[in-house]
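Quick one: this structure, given as C-alpha cells, is what I'll be asking you about.
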Number of protein chains: 2
Amino acid sequence: MNSCSYKLMRDNERVNTRWLSSRELSSWARLASILEALPPLLDSQLRHDAGLTHFDYRVLALLSETEGRTVRMSFLAKANNATLPRLSHVIQRLEERGYVERLASAEDRRATDVWLTDEGWEKIRFAAPGHVEMVREHVLDPLTEEQVDQLGTIAEQILRRLDPDGELRPIYGKHDDD
Amino acid sequence: MNSCSYKLMRDNERVNTRWLSSRELSSWARLASILEALPPLLDSQLRHDAGLTHFDYRVLALLSETEGRTVRMSFLAKANNATLPRLSHVIQRLEERGYVERLASAEDRRATDVWLTDEGWEKIRFAAPGHVEMVREHVLDPLTEEQVDQLGTIAEQILRRLDPDGELRPIYGKHDDD
DNA sequence: TTGCCAAGGTTGTAGGTACAACGAAAACCG
DNA sequence: CGGTTTTCGTTGTACCTACAACCTTGGCAA
C-alpha cells in the first residue's frame, strides 16, 4: 500500500529522509492527535463557562501570579510564545472588557506595561476551578503518579529543543508550597 | 503571593476544587507550553515549504494511506477531530488547488467521498520529508528510546479519555513493517 | 405510505491568528 | 555626537476556525 506520509517509501523513491519506525510513528501519531484535540477542548470549556480563550486564560494567569499584577508586553508575549501583534490584539480586547489596563512604562518609553484590574482578578478567580477540573480530568487523572513525572521530564526535554533560551518555560512555575 | 490560576487559594476562598500539586503543575505547565508552541511551528514549516497547514497535511496523509485514496467526508472529519463545516471549507480549498476531488458516494446519496488526485499525491510526497524531519528534530530526537515508548503509553491513556470511541486514533496507525 | 428525527454536508459570518508594514524610542558605534 | 540598527509596540489585511442556519437523504415507526 506504500503509505508516504510518515513511513518508508519504496527504495527507489528514497531521498535521504530518516522515516519513522513503527514505534516512533505510533507515539508521534498519538501526540499529534492530542495536539489536535486538546486545545479546542480547553478553549471550548473556557469560552462556554467564562468567555475566555485558553490563550486569554494564560495571559490573565501569568498576570495574576506576578507581584503587582503588572507585566511588560514583550515579556508576556515571549512567555506565551506569542508574536507581539497577536498579543497586542488580545490585550486590546481584554482591555475593552475591563480585565486589564495598559500603562506606559516609566523606565522605557517604548514599552507598555499591562496591569490586571480587580475585575480581571475576579474573572480568572472565577474561571480557574472549571479549567483546573478539565485539566485534571483529561490529562492528569488518566495517568499514574509515575507517568505524571515521566510526562514532566519528557515535556521538559522537548521544550528545551523548542525553546532553547527558556523564555517559554517559567509559566506557572512558582513551586512555593505543597 | 497567592497565585490563583492553578494552585491552592487561601483557605477561605476555597470552593471545592482540587488544585494542582507542585509536580502536577510542573508537568501540566510544560505540556501546555508545548501545546502552545509546537502546532504553530509545524504549521509554519509546512506553510513555508509546501503551502500546507498541518491540518491539510493530516488530511492528505490519511487519504494517501487509504486503499484507493478515497475517504468519506464524515470519516475524515472524525479521524482528524474536525467539525464537518471546517472540513468542508478545507476540502473546498484543497479541491480548488487540484489536490483532491469530491465524488458523490454511490452507497449513500447524502455522503461525499474525497479522492486524492495524482497532483495531491505528489504534493504530500513532496511535503513529507521536511515535515518528518521537523517531527524528528523537535519531538523524537530529544527523547531516549524508552521515553518515546513512555510517551506513546501516556498519550494513549490521555487519548482514551479525550476520545473514548477511538475514532480519533487510527491515524497513521498502520504498523506494517519494522 | 406518512411523519418524524437523525445523519451527512454546505454556506455564511463572526472572531482569532499570522504576516507584513509601519513608527518611535533605545542601543550601539565610528 | 550623527547615523545605523535593534527593540517595542500598533495597525491593517488575509486566512483559518467555530458556530449557527439550512437543505437533503436515510432510518424508523405507526
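A note on names: the letters A, B, ... follow the listed sequences, proteins ahead of strands, and every chain is numbered from 1. These numbers come from a predicted model, not from an experiment.
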Please report the interatomic distance OG(Ser88(B)) to CG(Leu76(B)), rounded to the nearest 0.5 Å. 11.5 Å
Could you grab the distance from atom CZ of Arg58(B) to atom CG of Leu60(B), nearest 0.5 Å is fine? 12.0 Å
Rounding to an integer number of Å, can you tell me how far Tyr57(B) OH sits from dC16(D) P? 18 Å
Considering only side-chain heavy atoms of Met73(B), which listed nucleotide, dT11(C), dG9(C), dA26(C), is closest? dG9(C)
Among dG16(C), dT11(C), dG9(D), the one nearest Arg47(A) by side-chain distance: dG16(C)
Starting at atom CZ of Phe55(B), determine the distance to atom P of dG16(C), rounded to an integer number of angstrom. 20 Å
Should Ser88(A) be listed as having a side-chain N or O under 4.0 Å from OP1 or OP2 of dT11(D)? no
Check ion pair Arg125(B)-Asp118(B) (N to O, under 4.0 angstrom): no
Does dG9(D) have its OP1 or OP2 closer than 4.0 Å to a side-chain nitrogen or oxygen of Arg109(A)? no
Can you tell me how far P of dA26(C) sits from CZ of Arg72(A), to the nearest Å? 11 Å
Given DNA chain D, 5'-ward residue of the pair Leu87(A) and Pro40(A), judged by closest heavy atom: Leu87(A)
Ignoring backbone atoms, establish whether Ser74(B) has a side-chain N or O less than 4.0 Å from OP1 or OP2 of dG9(C). yes
Measure from CD on Glu96(B) to C1' on dT10(C) and round the result to the nearest Å. 14 Å
Choose from dT10(D), dG9(D), dG12(C) the nucleotide whose nearest atom is closest to any side-chain atom of Ala111(A). dG9(D)
Under 4.0 Å between a side-chain N or O of Arg93(A) and OP1 or OP2 of dG15(C)? no
Just call it for Thr112(A): base, sugar-phosphate, or nothing, with non-hydrogen atoms closer than 4.0 Å on any strand. sugar-phosphate
To the nearest 0.5 Å, what is the distance between CG (Leu35(B)) and CG (Leu35(A))? 5.5 Å
Expressed as a whole number of angstroms, how long is the span from Arg97(A):CZ to dG16(C):C1'? 12 Å
Arg86(A) vs Glu107(A), nearer the 5' end of DNA chain C by closest nucleotide: Arg86(A)
Using a 4.0 Å heavy-atom cut-off, does Asp43(A) contact any base of the nucleic acid, only the sugar-phosphate backbone, or nothing at all? nothing
May I have the distance from Ile91(A) (atom CD1) to dC8(D) (atom P), rounded to whole angstrom? 16 Å
Just checking Glu137(A): does its CD atom have more than 12 heavy atoms from other residues, nucleotides or ligands closer to it than 6.0 angstrom? yes
I need the CG-P distance between Asn81(A) and dG16(C), as an integer number of Å. 19 Å
Side chain of Pro85(B), heavy atoms from C-beta onward: which of dG8(C), dT11(C), dA18(C) has the nearest atom to it? dT11(C)
Can you see which heavy atom on Leu46(A) is nearest to which on His54(A), and at what distance? CD1-CA, 3.7 Å
Scan for salt bridge (charged side-chain N to carboxylate O under 4.0 Å, His left out) pairs involving residues 70-94 of chain B, sequence neighbours excluded, and state none if there are none. Glu36(A)-Arg86(B), Arg72(B)-Glu107(B), Arg72(B)-Asp113(B), Lys78(B)-Glu167(B)
Separation of dG9(D) atom C1' from Leu103(A) atom CG, nearest Å, is 15 Å
Interface polar pairs with nucleotides 22-24 of chain C, N/O, under 3.5 angstrom:
none

Among pairs that include at least one residue of residues 44-54 of chain B, which meet salt bridge (charged side-chain N to carboxylate O under 4.0 Å, His left out), considering only residues two or more places apart or in two chains? none
